[in-house]
Every structure is written in C-alpha cells, then in structure tokens.
There are 2 protein chains.
Amino acid sequence: MTTAQPPEEQPPADQPPAEQPPTGLPPLPAWLERGMADLFPAGSGAGACSDPDQQLAARLEEAERAGRPLRIKLGIDPTGSDIHLGHSLLFRKLRAFQDAGHIAVLIIGDFTARIGDPTGKSATRVQLSAAAVEANAATYLQQLGQGQDPERALLDFETPGRLEVRRNSEWLTGLDLPQVIELLGISTVGQMLAKEDFSNRYGSGAPISLHEFLYPLLQGYDSVQVQADLELGGTDQKFNVAMGRDLQRHFGQRPQFGMLLPILPGLDGVQKMSKSLGNTVGLAEDPLSMYSKLEKVPDAVVDDYLTLLTDLDMADLPQNPRERQKLMALEITQARHGGPAAAAAQVDAAKLVAGAAGSGAAAAEVPEASLAAVNFPAKAFYLLSAVGLCASSSEARRQIQGGGVKLDGEKLADPNQEFAGPEVLAGKVLQLGKKTFRRLVAG
Amino acid sequence: MTTAQPPEEQPPADQPPAEQPPTGLPPLPAWLERGMADLFPAGSGAGACSDPDQQLAARLEEAERAGRPLRIKLGIDPTGSDIHLGHSLLFRKLRAFQDAGHIAVLIIGDFTARIGDPTGKSATRVQLSAAAVEANAATYLQQLGQGQDPERALLDFETPGRLEVRRNSEWLTGLDLPQVIELLGISTVGQMLAKEDFSNRYGSGAPISLHEFLYPLLQGYDSVQVQADLELGGTDQKFNVAMGRDLQRHFGQRPQFGMLLPILPGLDGVQKMSKSLGNTVGLAEDPLSMYSKLEKVPDAVVDDYLTLLTDLDMADLPQNPRERQKLMALEITQARHGGPAAAAAQVDAAKLVAGAAGSGAAAAEVPEASLAAVNFPAKAFYLLSAVGLCASSSEARRQIQGGGVKLDGEKLADPNQEFAGPEVLAGKVLQLGKKTFRRLVAG
C-alpha cells in the first residue's frame, strides 16, 4: 500500500509568482530568525518542507490557518533570584513569539529546585526550601514584569491568553514509581553518555550519579505536560530539548521544535555571562550601573549584545565602535529603565569614566581619596570612614545598609565586604549618595 | 581519640583450650557452609574477626547472646509458577537457617513483576497483571509448603516466628519521585557499568535502558525495608546483594551479609537449570518423572546435586557412580514425595529404562509401537490414535486433557503439542494411564 502525496498548491494563474522558496512556504519571519543559533528539526528531505512536524514554517502556517497559536516553552530554575542579560535574550525571544500571537509557556522548575542534588555533590543543584523557591520565583516574575510597568516588562503579562506560568510540581509531585520507570525506559545509557558533559565526565573517570540521568527526562516530561510546540533554550540545552521530542513521541504527541539561542558572553567578553564568574549585568541593577558596565564590554562582543539584546536594525548602526557601543548600552538600559533614566545614566557614566581616568575637566569633579592610611584587608564600613567619606564606622554602616554607597557604580550591599589590598580599589570611584564621589588612589 | 578494643575472652583455666580459630570465635556451622559459593564480607583485617559487621561468625554469636534471631532475606520473582530444583537449593539453605532458629524473610517481588519491562525488550521481565502475579505467588507458596504436609515442605511454615512473607509492593507502591531520586543518587553510572551483564552489553553496543539501572536499587531497598542481616542468592546476584549493603549503609542500617550459592547445572549437566532451556526438574513433578530425570543426570554433576539438594554426608556415600546417582535421585524424590512414592518411582523407572533400552526381560513388558504410519509433524492427540493407544483422536484428546498421558515419564499437557518428526520420538516410551506403555520405534 502506498501513501498518496499531499497535492502541492499551485499559485493562481492570475497572480505573479510569489517570492517564496520552491516549497510554497514563506521564509521564517526576521524577528524569529534574529540571533538564532540552531533550529531543529531543520526539515530537509522529500516532503519535509510542507510537513508541520519537520518544518517550522509549515507549523507556523498551520497554526495561522487553524487559528491556534503555538505553545512556546521556556523553563527556568528558581534556584537564584537575579535575572541577568544572559537569561534575558531567551525571554526576549519568548516575548517576540507572544507579540506574534503565540502563547508563552513559562515553566518554573520548583519541584526540581526543592529536590536539588541529594548527593550534595553538585554546586549547581542546591536543595532549596519550598519557601525559598517560591520567593525566588516571585522575584523572577517581578523582574520579568509581573505587576510592573508593561512598557518596561520583558514578557507580556497583560494581553489575555499570551502567557501561562506553570510550576513543574503540578505534574511531578504525583509521579509514582511505575511512571518514573516508564520515563527511564525511554532513554538508554548510551544516549545519556553521548551527552557532552556526561561523556566528558565518564571519560575522565569522574563519578556520575544515576539520578543525574533523570533530570533531562523530567525536563522532557515538562514538554509533554504542557504540549509544547517549540522549546526555547541556550545551545547548551540541545540534548534536553531533543529529549523532550522523544518523550512527546513516546506519549503520542507531535514532537516540539527546538530553537536554541547563543550563550551570551559576559562583560569580560570571553566567558559566558554567569553570576559565579562575576561578569553579569542584572536586570535589577540601576541605570548607572547597567550603563557603565555595558559601555565597557570588549568590542568583539558588542554586535552580539546588539543582536541578542536589542531590536535595532543591524544595517543601520554607527560605524564608529565607541558610538556603536554607547548606543548598545543606551538601548539596553533604556528598554529596562526608560529613556530619561538611561540618558541620565549615560551622562553620569561619562563623569565617572572621566573621573576614574583622571583626565581633563571632568576629573576635577571627582576628588581623589588616598588609600595610604587604610589598613588592609579592609571592610567596607571601615574603608568609608578611613578615606573620610563618613564621620564614623557606624555612620558608614548605616549608609551602606541604607543602600547609599556604590563602588564604580555598583551598590555595596554588605558593610562587612572585605577588600584584600589597595590594588583592588585603586582607580575605582567610591560614591556616597547621589553627589559625593571619591576616586581612590593607592599613594 | 582512639577506640578501645573489646576485651578478648579468655577460656577459663580449668577447661582445655577449645578447638577454635585464634579469634575466639567458633567456625561457621557445617550446615551453613555446605555448598556455599561465596560469603561477603569475608572479614579479614585487624579487628574484623570479632566485628559482627565484618564476620558472620561474630554476627551469629552476637545474635545468640542477645537472643535476637537473624533476619535472612530471599527474594523471589513471581513471574512464573513452577519452582524447580535450581531454585530449591536456595530455599533449602533458607530452611537450614530457620531450623537454626533464625527468621526467613521471603520477599515476593509482586510490584516489580507487575511493572515488568515497560520497553517490552526484556524477555525476562514480562509485565503481568496483578491477578496473574498473585496466582503465581500463591502457587509458589503452595510448592514451598504452605498449607501442605509439613514433612515434605521446603520451608517451615509452622513454627511461630520463623517465617515472614513480604511483598515489595508494601513499600514500593508509595515511593515518590524524591525518594526515587534519593535511591538513584546512591549509585553511579560507573558502578552500574561495572556489573558484568551491563558491562558486556555496553561493550558490545547493545542498548541498556535506564530503568534497568533501577532494579538493583529496588532490590537493595528491599533489604533496607526488611532490615536484613543476611541475603541469600545465586552467584549471579552478587552485585544486587552488594547494592543492598550500600543502601542499608545509606539509610543508617548495619549492612547485611551476602551468601551466594552456586547456579545449579541443568539435566544436561552443562547449562544452568532453566525453564527456557527445558533442562529442569520441577517441584510439582510426579515421583516417576522426577526420579527418571535425576537418574539420567551426567556423572559430573551428581555430586553437585548431592551437596546442594540433599543433606547426605558426602563422606559416607557409595563409590559406584550408578549407585551414587540412584541414591541422589531417590533422596531428592523422597524429600518431596516421601519414602514409599520414591521407592515405587525407582521401580517404575527401572522398567521404563529397561523398556526403552530394549534389553532383557523387562523389555518384553513394554511393547513397541511403530511410527512408520504417522504423518509428521504430528500433534499429540493424533499420535496417540495413530499408534493405536486410543481408539479415536477425540478419546486421545480427553485422555491428554485428563492428565493420563506421559512421554518418558513426563506428563503431556497439551493435546496440540506438535512433534516435528519420528527422530524426536523414537526410543521414547509413551504411557497411557498407569499400566499401558508403548516404546516408540521409527521403523
């Protein structure tokens, strides 16, 4: 028995031939392709071009024809509380899908965060209390725009039917042993050991606890539960997203597409942006801190930031690298804090840079403070009184706890933060309140 | 801080020094060591000899001193319904522990049998209905002696406090995902892949489903739940029994000892006794079938059968191999069916052998029946009428269904059983009822 080929649609004779690929499908929209690192399945092979299981363009067309928006899955781990720009590019893509009429399905991995790594060996899988997880989740949602000014929100929380926030405890809490065995039965040891990080660890003789094999399956099971049409992730998520496809197939669903975005380089321009590496810009940071950091990013990554973190037309940017960078910093700060605050940050940052560089007129506005009389290691509160910014250590403590002290534009949160020696402070600008600046000098 | 050594007991001065190892512990009793293939931990190293966690003799002594019998675990899979001699040597050892005052903890793996292998790839892990599992379990217990004549029972079901029958569904049904993750976290991929069968399969590129890694952990968790002091198993169970030790340690229990018994060779004397290889003697078989089969076992394995399946003193056996073998067959049949039935079986078997061999006077008692007129392949009911043992095919069917037909002493259960050609029947004795025998000949 042969299967009939679906009839190919012919363009009506009275219209000019459309500018389309030979499949009859429109190309993927520019907003969708922007910054994309990988899309799978890529849809090659006979018949694939018109198959909505193989070709995203066909799935988009099918969705539009049926009036059924696609379900776009993005999972987040509520193990920390700060969202930084490295995460936000995924939310920006999710938002673009929302704006095109699709449904963002945001999955908060509350169950997995509460379990953590029972062996205690994994630094990335800390076990958190239910309260801590919920607090983190609430902070996340607030940073994404829940209950905030919709103008500045990363996601669209307002338009009805554009967002589903789900917690994986919904379906994982009730999972019993036969179901876990069914999930485990879907994958093999060979498949897991082909995953890059497992493969490296197995090859080097480092132990891999068996429960670690379960996490990709649980993440894949999330796709089944929310019936995802597409899952967004970083390029490091390819294995897990593909696992979601296997699980959906196993449970009789159409497998999701996987769309992977690059891992954002951090402020050092080399390593990935990661809190543990201290090279992040957090969404919660104030305009000056955000702008000053972005302005200093190495030239090599400025275009990545522009592509992944702004909507600016890449063909229509200043050629001068400094201007290009300032535009990037301004645009990203503005999206978060609005035009006036971003502009003010740009002005303040210029003062700081000038002051720190000790050059010209601007430098005069930032008086120096010598570190010569400071005993190191020095705690923050002591530093403030030692350089004469505060009259006493106790006043310095109050100022720091009140949030009024910054170092190079970044808030000092802990009065007991310790500085090892003058070399980590020299050249930096210490700021008290809105108007008092001191450029620290070693001599 | 140093740990004080427990004081070594000195024999009282007015008694002659006991014949003991230098540790002050008696050797393991002979009933316990008989047929043992492996015992672990073996208890070497300083202090191990008096450590009841390292030395079984010390644990036994401790149990006696405290008046607390040991808990001896044996797990069975209720996936089939027939117990054969290959299993029974384990039950015999379990019974020996009961007779020495310890508690047999028989674990019926009902939960795992109901799950089976969800991928359907494993022939040894068939998924069974709850009703089928319970029926198998009931048949097992009946064969082990529940509700039967205590004289012939494999286990002691009578003496209070000597037997606990547990089902692993008791503790596995309620296991939730965090608990499964905890179990998985106890073992590593490297540890599992060191297991011989996994290692072979992984090495040859055959897929290993992830859920297969869970079964050794679940079996180990059974040891935790029943607080086993010692687990019995075949030598192929070493990995799983050792896993039980790991899990008990993880859950703060004293780890069990592992006692492994050999895998019994089947009637062919080469491969292990296994239903799928058709080389078994089942406990449910009638005396004649049991005796005739045992009498034909190759000489090389007769002593294994004597050691593992009887209590006969090995130093006090006939030297003549035929006598030794007959004694073995008689003793095993007698233990199951009693003295008179075993003796009768020995007489009947002699007739059959004589008849089948066509030698001497006894052969005259077994008339021949020619297979020349039989059309092959031949079904059992047709065979009976074709050789003239029954008047019609329908009578033959009734006789077979009534259990009255045997081939070489083994009951023919299925009227539709097919025989491929005369070569599989020639020389065998077909028996109808108690008195009608025909020796089948090809010509």
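Reminder, nothing fancy here: chain letters follow the sequence lines and each chain counts from 1. Side chains included, hydrogens not; waters and symmetry mates left out as well; all remaining heavy atoms used. Predicted model, so just to flag it, every value in this text is computed and none were measured.
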Query raised in the report: Heavy-atom distance under 4.5 Å to chain A: side chain of B:F111, backbone, both or neither?
Result: side chain
Report summary line: Closest heavy-atom pair, A:S209 versus B:G185, reported as atoms and distance to 0.1 Å, is OG-O, 3.8 Å
Query raised in the report: Measuring heavy-atom distances to chain B, does A:V189 have an atom under 4.5 Å in its side chain, in its backbone, in both, or in neither?
Result: both
Query raised in the report: Heavy-atom distance under 4.5 Å to chain A: side chain of B:F213, backbone, both or neither?
Result: both
Requested in this report: Please look at A:L183 and chain B and tell me whether the side chain, the backbone, both or neither of the residue comes under 4.5 angstrom of a heavy atom of that chain.
Outcome: neither
Query - Heavy-atom closest pair, residues B:L217 and A:L210 - result: CD1-CD1, 3.8 Å
Report task. Could you check if a side-chain atom of B:Y215 sits within less than 4.5 angstrom of a side-chain atom of A:I181, using non-hydrogen atoms only? Result -> yes
**Report entry** Partners passing side chain to side chain donor-acceptor pair (under 3.5 Å) against B:R254 (at least two apart in sequence or in another chain)
**Finding:** B:D53, B:E62
Query - B:L214 and A:L177, any side-chain heavy atoms less than 4.5 Å apart - result: yes
Query raised in the report: Is any side-chain heavy atom of B:V180 closer than 4.5 Å to a side-chain heavy atom of A:L175?
Result: no
